[in-house]
Amino acid sequence: MTIPTLPNPEFLRRAIGLATRNVATGGGGPFAAVIARQGWIVAEGANTVTTCHDPTAHAEVNAIRQACKALGTFSLAGCQLYTSCQPCPMCLAACYWARLDAIYYGSSSEDAARAGFDDAFLFEEFRKDPSARALPATQLLGDEAWASFAAWMASAGKVEY
């Protein structure tokens with residue numbers, strides 16, 4: 001059982017400072033994140049989308065990757081995320097997949113939209129049927145693709161997540 005950790009504003013101040021520094025040094029967008037566990041910083045990440053030419057290199061994703069590497073696990077249960085801005089849909093999903101205990105954020109998604117980073121379109125798209133989205137998705141070869149899941153289910157060496 002994990003004992004809840006009270007929010008630490010200093011960790012959020014650290015993320016905000018990293019986000020501001022990221023802009024000042026030309027590192028990328030105005031976003032940064034810190035992952036803490038038991039009162040200690042495990043990892044930090046800043047947005048490197050434009051510098052790494054990677055649309056998934058958001059601050060939260062970068063911090064999650066670093067924390068998992070540092071802790072040697074894919075589960076960040078027992079950890080909290082402190083992020084300079086409310087996570088976008090991709091980052092929020094990554095937080096759930098990482099099993100973080102809590103998210104603390106500074107700026108809201110409305111603040112991000114005011115600065116030109118508007119995620120409202122994505123939230124609206126996810127509500128639509130996959131075939132009606134701006135980026136349509138169509139299932140092909142469903143029966144053949146099931147072979148991967150059958151192999152997974154039969155595998156004695158699988159690591160459940």
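Computed over heavy atoms, backbone and side chain alike; hydrogens, waters and symmetry mates excluded. Note that the structure is a prediction, hence the values are computed from the model and not measured.
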Quiz item: Atom OG in S109, atom CZ in F123: separation rounded to 0.5 Å?
Solution: 6.5 Å
Practice problem: For K128, look at atom NZ and say whether over 12 heavy atoms of other residues, nucleotides or ligands are found less than 6.0 Å away. | Solution: yes
Exercise. Assess whether side-chain contact (heavy atoms from CB on, under 4.5 Å) is satisfied between V61 and C91, documenting all intermediate values.
Key: CA-CA 6 Å; V61 172; C91 293; 4.0 Å; yes
Self-check item: Partner residues of D143 under the side chain to side chain donor-acceptor pair (under 3.5 Å) criterion, sequence neighbours left out
Solution: none
Quiz item: Excluding sequence neighbours, so at least two apart, what forms side-chain contact (heavy atoms from CB on, under 4.5 Å) with T83?
Solution: A33, E60, L81, P87, I103, Y105
Exercise. Quick one: closest heavy-atom pair of A59 and G45, and the distance?
Key: CB-O, 3.6 Å
Practice problem: To the nearest 0.5 angstrom, please state how far the OH atom of Y82 sits from the CG atom of L18. | Solution: 14.5 Å
Quiz item: Where do A32 and A19 come nearest, in terms of heavy atoms and distance?
Solution: CB-N, 3.3 Å
Practice problem: Only counting residues at least two apart or in another chain, list the ones meeting side chain to side chain donor-acceptor pair (under 3.5 Å) with R99. | Solution: none
Self-check item: Cluster link V34 to V42, ILVMFWY, side chain under 4.5 Å
Solution: no
Quiz item: Under a single-linkage definition using a 4.5 Å side-chain heavy-atom cutoff for Ile, Leu, Val, Met, Phe, Trp and Tyr, are F31 and I16 assigned to the same hydrophobic cluster?
Solution: no
Practice problem: Flag yes if F117 and V23 sit in one hydrophobic cluster, no otherwise; membership is Ile, Leu, Val, Met, Phe, Trp, Tyr, and two members link when side-chain heavy atoms are under 4.5 Å apart. | Solution: no
Quiz item: Backbone N or O of A151 within a donor-acceptor pair of the S155 side chain at under 3.5 Å?
Solution: no
Quiz item: Sequence neighbours excluded, which residues qualify as side chain to side chain donor-acceptor pair (under 3.5 Å) partners of D54?
Solution: T56
Quiz prompt | Closest non-hydrogen atom pair, E44 against Q66 | solution = O-CG, 4.1 Å
Self-check item: Approximate separation, where rounding is to 0.5 Å, of L71 CG and I35 CD1
Solution: 8.5 Å
Practice problem: Taking the six-membered ring for Trp and the single ring otherwise, decide whether the centroids of F149 and W146 are under 6.0 Å apart. | Solution: yes
Quiz prompt | For the student: nearest non-hydrogen atoms of Q80 and G78, plus distance | solution = NE2-O, 3.4 Å
Quiz item: Looking at OG of S84 and CZ of R13, how far apart are the two atoms once the value is rounded to the nearest 0.5 Å?
Solution: 14.5 Å
Quiz item: For atom CH2 of W40, is the number of surrounding heavy atoms from other residues, nucleotides or ligands below 6.0 Å larger than 12?
Solution: no
Quiz item: With sequence neighbours left out, what residues match N62 under side chain to side chain donor-acceptor pair (under 3.5 Å)?
Solution: T48
Practice problem: Please name all residues satisfying side-chain contact (heavy atoms from CB on, under 4.5 Å) with C68, sequence neighbours left out, ordered by chain then number. | Solution: I64, L76
Self-check item: Approximate separation, where rounding is to 0.5 Å, of Y161 OH and F74 CZ
Solution: 8.5 Å
Exercise. Determine the minimum heavy-atom distance between A67 and A43, stating which atoms define it.
Key: N-CB, 3.4 Å
Practice problem: Check for a donor-acceptor pair, side chain of N22 on one end and backbone N or O of N47 on the other, with a separation under 3.5 Å. | Solution: yes
Exercise. Answer yes or no: is there a donor N or O on one side and an acceptor on the other, between the side chain of T51 and the main chain of G28, under 3.5 Å?
Key: no
Exercise. Say whether I41 and L100 are linked into one hydrophobic cluster, either directly or through other cluster members, by side-chain heavy-atom distances under 4.5 angstrom.
Key: no
